[in-house]
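Everything below concerns the one structure shown next.
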Number of protein chains: 2
Amino acid sequence: MTLRSHAGSSARAGGASRTAAKLARSIPEATVARLAVYLRILGELAEQGADTVSSEELAAATGVNSAKLRKDLSYVGSYGIRGVGYEVVPLHHEIERTLGLDQKQAVALIGVGNLGHALAGYGGFGGRGFPVTAMFDVDPDIVGIRINGILVDHVRDISAVCAARGVTIGMIATPGSAAQAVCDQLVDAGVECILNFAPVVLQVPDRVEVRKVDLAVELQILAFHVARRRVAGTDGSEPAKGATNGSVVLPR
Amino acid sequence: MTLRSHAGSSARAGGASRTAAKLARSIPEATVARLAVYLRILGELAEQGADTVSSEELAAATGVNSAKLRKDLSYVGSYGIRGVGYEVVPLHHEIERTLGLDQKQAVALIGVGNLGHALAGYGGFGGRGFPVTAMFDVDPDIVGIRINGILVDHVRDISAVCAARGVTIGMIATPGSAAQAVCDQLVDAGVECILNFAPVVLQVPDRVEVRKVDLAVELQILAFHVARRRVAGTDGSEPAKGATNGSVVLPR
DNA sequence: GCTACTTTGTGCGTGCCTTCACAAGCGGCT
DNA sequence: AGCCGCTTGTGAAGGCACGCACAAAGTAGC
Ligand SMILES: NC(=O)c1ccc[n+]([C@@H]2O[C@H](COP(=O)([O-])OP(=O)(O)OC[C@H]3O[C@@H](n4cnc5c(N)ncnc54)[C@H](O)[C@@H]3O)[C@@H](O)[C@H]2O)c1
Ligand SMILES: NC(=O)c1ccc[n+]([C@@H]2O[C@H](COP(=O)([O-])OP(=O)(O)OC[C@H]3O[C@@H](n4cnc5c(N)ncnc54)[C@H](O)[C@@H]3O)[C@@H](O)[C@H]2O)c1
């Protein structure tokens with residue numbers, strides 16, 4: 001099992017129900033998100049010199065159910081050894097390949113304000129295959145400066161610069177009022193994946209994928225749980241660890 | 001695929017059970033995340049002087065299915081008028097109440113580095129009921145400075161300061177290596193909700209809820225789609241419909 | 001080679017979330 | 001008043017994800 005086909009796409013084993021096709025192996029979105037987390041832990045384990053890791057250990061480290069983890073890993077292929085566990089390095093490599101991280105993605109950052117500066121200076125991106133290769137702003141005090149050696153260009157040049165540098169992912173960190181216009185420019189430039197930090201809902205063509213990071217929403221969700229907890233605390237009903245039910249109780 | 005929203009990051013922390021409290025009502029986690037988005041749009045509509053809004057309009061503005069939106073709103077009560085739509089202001093008010101935003105939550109920020117500075121200076125929090133009322137760091141150059149009038153304290157004082165200012169939510173923006181220790185201190189201080197920006201999986205007691213914002217994971221998910229799209233492009237399989245998504249996904 | 005033990009890979013039941021479709025309700029028009 | 005058109009609220013169905021539990025498959029010991 002260890003020396004499985006390597007080049008081949010290892011078209012998932014056995015009586016795969018998938019109508020096969022060379023690739024079509026669709027991976028659940030939820031799994032993709034977790035794979036990225038496994039990847040980070042595997043990287044740490046590799047640095048520590050770990051050779052193999054069991055699903056149980058990896059699950060504990062990433063905070064997921066071990067069965068779920070094994071199922072997730074089964075989507076990238078069978079890289080485990082029964083009775084032993086998973087080989088850290090090969091698995092890490094294979095997840096990278098599955099997520100498409102073997103090919104670097106050039107990232108463009110639009111809006112180099114408070115948040116933009118933090119993002120631009122963050123080493124966690126380039127180190128993981130996402131070099132910020134282009135930056136844009138409209139503020140004349142910002143356009144022209146360099147951050148990590150990259151020049152901040154004027155937004156009017158988005159199209160040309162992105163095309164020239166092969167940008168595939170755009171990060172929008174402008175004020176909300178400018179986000180849609182910036183987004184449109186990115187789309188015109190051919191960018192098909194956008195990470196949006198502005199608190200607006202972007203309208204894009206079907207072919208473009210948008211993910212949104214909305215900190216205010218995150219806080220509101222937490223606030224909701226604080227409030228719920230408070231009320232629950234007053235009636236003495238025990239929080240109980242019952243079902244891993246995703247729902248939530250609320251006063252009315 | 002774009003639509004995959006899902007919001008349920010978070011740790012499933014303390015069992016959010018349905019211990020049927022007398023006046024309790026269970027709201028799906030996914031709905032809570034979307035309510036926060038509706039809320040923002042409703043706020044904008046109110047500013048523009050809109051009187052009512054139909055589920056179809058609001059759905060278009062927030063990028064969700066109108067049936068889903070109506071079902072979401074049905075959890076907060078029946079505030080719609082058939083044949084007309086929803087009254088903007090009363091609905092806005094009611095969602096706020098439902099999410100527990102009528103009571104302000106004091107937020108503590110730990111780690112005032114690049115990202116921390118951006119978060120500290122962000123007006124979008126205080127303006128929405130989440131004033132940053134305490135900040136902490138270990139760097140002697142940072143401890144003692146003021147941001148927006150708030151003094152940055154030393155981490156050793158987390159417990160005392162948080163208790164004194166009634167902090168209910170903690171935001172961790174320290175390097176990953178320090179995150180768990182900081183988290184433990186917050187937990188000791190009685191904080192039960194944590195928003196974590198560090199790329200580590202925090203271990204917390206069941207009663208504590210953790211949500212994680214992991215930008216590297218977000219980018220990796222986008223990268224996956226870029227890669228998938230590239231391959232798919234060769235065989236002509238369909239792209240994926242667009243829309244918008246909610247927030248971040250993460251397990252626990 | 002055989003047995004005992006460990007861990008993977010997955011079939012399957014369960015439950016949440018989404019979406020469709022439509023009856024019920026409301027305002028306006030005649 | 002009565003009818004009409006529009007929109008809400010929700011029952012029901014389908015899909016997806018989770019997690020249990022177990023057979024398969026490998027290692028270790030004798
Ligand atoms: N700072 C935070 O912690 C934080 C948190 C959550 C969300 N956000 C969101 O992130 C976005 C940026 O926040 P910020 O605090 O960095 O704001 P900021 O005002 O500091 O920075 C915005 C930057 O965008 C630039 N800009 C304005 N219009 C532009 C345009 N049309 N094209 C290109 N650049 C343009 C400005 O010159 C400025 O440099 C906002 O939408 C904000 O709501 C920020
Ligand atoms: N900057 C970004 O855009 C970005 C993006 C994604 C994730 N992150 C994550 O956010 C975290 C912070 O990033 P950053 O760029 O602001 O890093 P940074 O190094 O600029 O800031 C970290 C701050 O934490 C402080 N700190 C260190 N140890 C501490 C401790 N034990 N207690 C309290 N404070 C302590 C440091 O003094 C520093 O001020 C990191 O975990 C990083 O991975 C940052």
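Order of the sequence lines fixes the chain letters, A, B, ..., with proteins taken first and strands second; residue numbering starts at 1 for each chain.
Regarding Glu29(A), its CD atom lies at a distance of 17 Å from the C1' atom of dC18(D), rounded to whole Å. A straight line from CG of Leu69(A) to P of dT7(C) spans 14 Å, rounded to a whole angstrom. Atom pair Leu73(A):CG and dA17(D):C1' shows a separation of 16 Å (rounding to whole Å applied). Put simply, NZ on Lys68(A) is 17 Å from P on dG15(C), counting in whole angstrom units.
For the contact set between residues 45-53 of chain B and DNA chain D, defined by any heavy atom under 4.0 Å, there are no members.
Considering only side-chain atoms of Lys71(A), the nucleotide from dT8(C), dG11(C), dT19(C) that sits closest is dG11(C). For Ala30(A), the side-chain atoms get nearest to dA17(D) when compared with the rest of dA17(D), dC20(D), dT18(C). The side chain of Arg34(B) lies closest to dT18(C), out of dG9(D), dT18(C), dT19(C).
Applying the 4.0 Å criterion to OP1 and OP2 of dC17(C), one finds that Tyr75(B) has every side-chain N and O outside that range. OP1 or OP2 of dC20(C) sits under 4.0 Å from a side-chain N or O of Asn65(B). For dT8(D), one of the phosphate oxygens OP1 or OP2 lies less than 4.0 angstrom from a side-chain nitrogen or oxygen of Ser55(B). Contact between the side-chain N/O atoms of Ser78(B) and the OP1/OP2 oxygens of dG9(D) is found at a separation under 4.0 Å.
Pairs passing the salt bridge (Lys or Arg N to Asp or Glu O under 4.0 Å) check and including a residue from residues 44-60 of chain A, sequence neighbours excluded, do not occur.
Annotation: side-chain contact (heavy atoms from CB on, under 4.5 Å) contacts of Pro28(A) (sequence neighbours excluded): Thr31(A), Tyr75(A). Residues satisfying the salt bridge (Lys or Arg N to Asp or Glu O under 4.0 Å) test with Arg70(B), not counting sequence neighbours, are none. Take Arg128(B) and apply the salt bridge (Lys or Arg N to Asp or Glu O under 4.0 Å) test, not counting sequence neighbours, and it matches no residue. For Glu192(A), the side-chain contact (heavy atoms from CB on, under 4.5 Å) partners two or more places apart in sequence, or in a different chain, are Arg207(A), Arg229(B). Annotation: side-chain contact (heavy atoms from CB on, under 4.5 Å) contacts of Tyr122(B) (sequence neighbours excluded): Pro199(A), Phe125(B). Under the side-chain contact (heavy atoms from CB on, under 4.5 Å) criterion, Ala178(A) pairs with Thr174(A), not counting sequence neighbours.
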Which atom pairs link the protein and nucleotides 24-27 of chain C when you take only N or O atoms and keep those under 3.5 Å?
unit_1	atom_1	unit_2	atom_2	d
dA24(C)	N3	Arg82(B)	NH1	2.8
dG25(C)	O4'	Arg82(B)	NE	3.4
dG25(C)	N2	Gly83(B)	N	3.4
dC26(C)	O4'	Arg82(B)	O	3.3

Quick one, Ile194(A) with Arg211(A), criterion side-chain contact (heavy atoms from CB on, under 4.5 Å). Give me CA distance, side-chain angles, the key distance, then yes/no. CA-CA 6 Å; Ile194(A) 293 175; Arg211(A) 290 190 70 86; over 6 Å; no
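Toward the 5' end of DNA chain D, the nearer of the two residues Arg70(A) and Glu56(B), judged by each one's closest nucleotide, is Glu56(B).
Checked for salt-bridge contact, Arg34(A) and Asp72(A) meet the test: a charged N lies under 4.0 Å from a carboxylate O.
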